S.K.: 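Before anything else, here's the structure in question.
Read the numbers this way: they start at 1 and go in the same order the structure lists the ligands and their atoms. Just so it is clear, the structure is predicted and the values come from calculations on it, not from any experiment.
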Amino acid sequence: MNPRHFISLLDLTSDEFRGLIHRAIELKNNRDPSYQPLKGQVLAMIFEKSSTRTRISFEAGMSHFGGNALFLSPRDTQLGRGEPLHDSAKVISSMVDCIMLRTDKHETVTTFAKYSSVPVINGLTDEQHPCQLLADMQTYFELRGDIKGKTVTWVGDGNNMCHSYIHAATILDFTLHVASPAGYMPNAEIVKAAGERVKFFESPIAAAQQSDLIVTDVWASMGQEDEQKQREIVFKDYQVNAEVMQVANKDALFMHCLPAHRGEEVSSDVIDGSQSVIFPEAENRLHAQKALLEFLLSKK
Ligand code: CP
Ligand code: NVA
């Protein structure tokens with residue numbers, strides 16, 4: 001039997017997505033140290049790129065559930081010396097119960113999943129960051145209730161986070177306003193598949209009108225450090241600041257997956273202000289991924 005993977009939010013039905021959110025909230029509010037559904041299970045975590053939140057939340061989550069997590073970097077394994085992905089996937093999955101990958105190319109995760117005999121989780125690729133959306137949506141549901149029918153505004157790069165927001169809009173049924181500069185729009189196929197749920201705007205101010213949630217991310221993602229200077233010029237009018245928050249709904253929230261660059265994609269007064277929920281959002285990585293691990297592994 002093929003294992004159940006979590007490569008994209010589109011791997012979930014809307015009932016499953018909502019189920020994970022509610023379970024994450026339950027796990028957060030009723031922590032029971034004796035509940036160890038993953039006792040004896042091992043999660044291998046392969047990081048081609050840096051991480052604070054993803055690594056710690058998965059590692060802590062496995063520990064809470066009685067299991068273990070292994071941190072593997074390509075530098076220290078044969079993957080970094082060119083061992084084929086399909087061989088690595090078969091070998092690693094023969095020894096552990098679940099594998100999380102953070103990679104540059106999205107295809108690395110899909111190829112790995114094809115040859116893995118255990119569930120594979122996407123811990124971020126150049127195309128998507130679905131785990132972050134579990135946490136973001138948990139945070140919205142906790143603070144404001146179901147996001148169905150609401151309006152979310154994405155400001156900035158049409159990147160991995162933006163793509164996962166587009167997927168979330170499709171599954172959870174909200175409208176996504178996107179304000180991105182020309183040349184930095186989200187992937188056209190991902191946008192097309194979302195149909196009328198995604199709408200494009202000329203500026204952050206135009207996009208943010210009547211929004212319930214404003215989200216942004218760094219102008220240069222991991223691996224794009226060489227483009228930082230050029231992107232600072234392209235994105236200079238794409239900052240979430242007080243003027244942008246002003247035109248959104250009064251009870252609008254601000255989210256950012258972190259790490260953030262204050263003074264670039266978001267002003268300090270907004271990210272450190274009363275509408276910002278970045279710290280519960282970050283903490284919810286732990287709870288949302290515990291719900292995900294339980295969903296993928298505990299019914300084996
Ligand atoms: N938001 C997020 O994925 O953070 P890390 O890069 O620290 O894991
Ligand atoms: N878009 C960012 C997200 C970091 C969590 C990146 O890929 O670097």
S.K.: Would you say Asp217 and Asp157 make side-chain contact, with heavy atoms under 4.5 Å?
M.R.: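 No - every pair of side-chain heavy atoms lies 4.5 Å or more apart.
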S.K.: Heavy atoms only: which of Ile56, Asn160, Thr52 is nearest to atom 5 (P) of ligand 1?
M.R.: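 Minimum heavy-atom distance to atom 5 (P) of ligand 1 goes to Thr52.
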S.K.: Is any N or O atom of Asp217, backbone or side chain, closer than 3.5 Å to an N or O atom of ligand 2?
M.R.: yes
S.K.: Does any N or O atom in Arg55 lie less than 3.5 angstrom from one in ligand 1, N or O only?
M.R.: no
S.K.: Within a distance under 4.0 Å of any heavy atom of Leu258, pick out the atoms of ligand 2 and give their elements.
M.R.: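 Counting atoms of ligand 2 from 1, those under 4.0 Å from Leu258 are 5 (C).
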S.K.: Could you check Arg285, Glu283, Lys290 and say which one makes a side chain to side chain donor-acceptor pair (under 3.5 Å) with His287?
M.R.: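 Of all the options given, the one that passes is Glu283.
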S.K.: Would you say the ring centers of Phe295 and Phe6 fall short of 6.0 Å from each other?
M.R.: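 So the answer is no for these two rings.
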S.K.: Can you pull out the closest protein heavy atom to atom 7 (O) of ligand 2? Residue, atom name and distance to 0.1 Å, please.
M.R.: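 So the nearest neighbour among protein heavy atoms is Asn160 ND2, 2.8 Å.
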S.K.: Between Asp15 and Thr13, is any side-chain donor less than 3.5 angstrom from a side-chain acceptor?
M.R.: no
S.K.: Should the ring pair His22 and Phe141 be called parallel, tilted or perpendicular, given that the plane angle runs from 0 to 90° and is split at 30 and 60?
M.R.: perpendicular
S.K.: Report the part of His129 in contact with ligand 1, treating N, CA, C, O as backbone and CB onward as side chain, heavy atoms under 4.0 Å; options are side chain, backbone, both, neither.
M.R.: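 The answer is the side chain.
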S.K.: Is it true that Arg231 and Gln228 share a donor-acceptor pair across their side chains at a distance under 3.5 Å?
M.R.: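 No donor-acceptor contact under 3.5 Å links the two side chains.
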S.K.: Any nitrogen or oxygen of Ser221, main chain or side chain, under 3.5 Å from a nitrogen or oxygen of ligand 2?
M.R.: yes
S.K.: Between Lys229 and Glu232, is there a salt bridge with N-O shorter than 4.0 Å?
M.R.: yes
S.K.: Just need the protein heavy atom nearest to atom 6 (O) of ligand 1, so name the residue and atom and give the distance.
M.R.: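 Looking only at protein heavy atoms, the one closest to atom 6 (O) of ligand 1 is Arg102 NH1, 2.8 Å.
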S.K.: Find all atoms of ligand 1 within a distance of less than 4.0 Å from any non-hydrogen atom belonging to Leu258, and give their numbers and elements.
M.R.: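 Atoms satisfying the 4.0 Å criterion: 1 (N), 2 (C), 4 (O).
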S.K.: Taking atom types as modelled, is there a side-chain donor on Thr139 or Glu281 under 3.5 Å from an acceptor on the other?
M.R.: no
S.K.: Ignoring angles and geometry beyond distance, decide whether Pro259 reaches within less than 3.5 Å of ligand 1 through its nitrogen or oxygen atoms.
M.R.: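 Such a contact does not occur with ligand 1.
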S.K.: What is the closest protein heavy atom to atom 2 (C) of ligand 1, and at what distance does it sit?
M.R.: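 Sorting protein heavy atoms by distance from atom 2 (C) of ligand 1 puts Arg285 NH1, 3.3 Å first.
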S.K.: So, regarding Arg102 and ligand 2 (criterion: nitrogen or oxygen to nitrogen or oxygen, under 3.5 Å), is there a contact or not?
M.R.: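 Min N/O separation from ligand 2 is not below 3.5 Å for Arg102.
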S.K.: Ligand 1 and Leu124, any nitrogen or oxygen pair closer than 3.5 angstrom?
M.R.: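 Not met; the criterion fails.
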S.K.: Quiz question: by atom type and distance under 3.5 Å, do the side chains of Gln224 and Asn159 form a donor-acceptor pair?
M.R.: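 Not at all, the side chains of Gln224 and Asn159 share no donor-acceptor pair under 3.5 Å.
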S.K.: Using a distance-only test with no angle check, is there a side-chain donor-acceptor pair under 3.5 angstrom linking Glu265 and His261?
M.R.: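 No.
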S.K.: To which protein heavy atom is atom 4 (O) of ligand 1 closest, and what is the distance rounded to 0.1 Å?
M.R.: Arg53 NE, 2.8 Å
S.K.: Short list, please: which atoms of ligand 2 are under 4.0 Å from a heavy atom of Asn159?
M.R.: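 Reading through ligand 2 atom by atom, the close ones are 1 (N).
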S.K.: Atoms of ligand 1 less than 4.0 Å from Cys257 heavy atoms?
M.R.: 1 (N)
S.K.: Please determine whether any non-hydrogen atom of Thr54 lies less than 4.0 Å from an atom of ligand 2.
M.R.: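 No heavy atom of Thr54 comes that close to ligand 2.
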S.K.: Would you tell me whether Tyr140 and Asp212 have side-chain atoms, one donor and one acceptor, within less than 3.5 Å of each other?
M.R.: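 There is no such pair between these side chains.
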S.K.: Answer side chain, backbone, both or neither: which part of Leu124 comes under 4.0 Å from ligand 2, heavy atoms only.
M.R.: side chain
